[in-house]
Amino acid sequence: MSTWEQIRKANKARGMKPNGLYNKPKKSPLSDTPPVGEALKEVIQDYIRDYKSTKGERPTTAHLNNKYSIRATSNYYKGL
């Protein structure tokens, strides 16, 4: 196997298209009921409470999703 074939095979395994562009990683859909344990729910509730007291407003859904690596809707956070 030539060096170029090995490079192409390695790139394909990493998700690269033949034209040199990468495939966009697929995201799971947002959920009203993400798989979150009770301990993490308490941590999120505490964080929201602290954020409200220091900044005077609720953190955005995107901020919370990025911070805790979950895909939840705003309705989920409102229900906490």
Side-chain angles (χ1 to χ4, degrees):
M1 193 182 311
S2 73
T3 306
W4 285 110
E5 288 176 26
Q6 291 172 332
I7 291 171
R8 276 192 223 99
K9 187 176 181 181
N11 287 345
K12 186 176 181 181
R14 279 187 251 133
M16 186 180 276
K17 294 181 181 179
N19 63 2
L21 301 175
Y22 283 93
N23 293 326
K24 184 177 179 183
K26 294 180 181 172
K27 290 186 176 180
S28 61
L30 293 175
S31 172
D32 284 338
T33 56
V36 176
E38 289 300 318
L40 184 56
K41 280 184 185 179
E42 290 179 22
V43 170
I44 294 171
Q45 288 171 341
D46 290 341
Y47 180 78
I48 291 172
R49 204 174 302 117
D50 290 342
Y51 192 95
K52 276 183 180 179
S53 66
T54 57
K55 303 207 177 183
E57 58 186 28
R58 286 181 63 88
T60 63
T61 303
H63 174 80
L64 292 168
N65 283 345
N66 290 336
K67 182 166 179 65
Y68 294 106
S69 301
I70 57 177
R71 301 272 299 155
T73 61
S74 59
N75 289 335
Y76 171 74
Y77 293 115
K78 288 177 185 173
L80 289 180

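The first residue in the sequence is number 1, and the count goes up from there.
Relative ring orientation between H63 and Y51 is described as tilted, the plane-to-plane angle lying within the 30° to 60° band.
Between I48 atom CD1 and S53 atom OG the span is 12.0 Å, to the nearest 0.5 Å. Atom CD of residue Q6 and atom NZ of residue K9 lie 8.5 Å apart, to the nearest 0.5 angstrom.
A salt bridge is defined here as a Lys NZ or Arg NE, NH1 or NH2 lying under 4.0 Å from an Asp or Glu carboxylate O, and R8 with E5 fails to meet this definition.
Between L30 and T61 the shortest side-chain heavy-atom distance does not fall below 4.5 Å. For the pair Y76 and V36, the minimum side-chain heavy-atom distance is below 4.5 Å.
Between R71 and P29, the closest heavy-atom pair is CB-O, 3.9 Å. Scanning both residues, A72 and N65, for their nearest heavy atoms gives O-ND2, 3.0 Å. The shortest non-hydrogen separation linking R58 to K78 is NH2-N, 3.8 Å.
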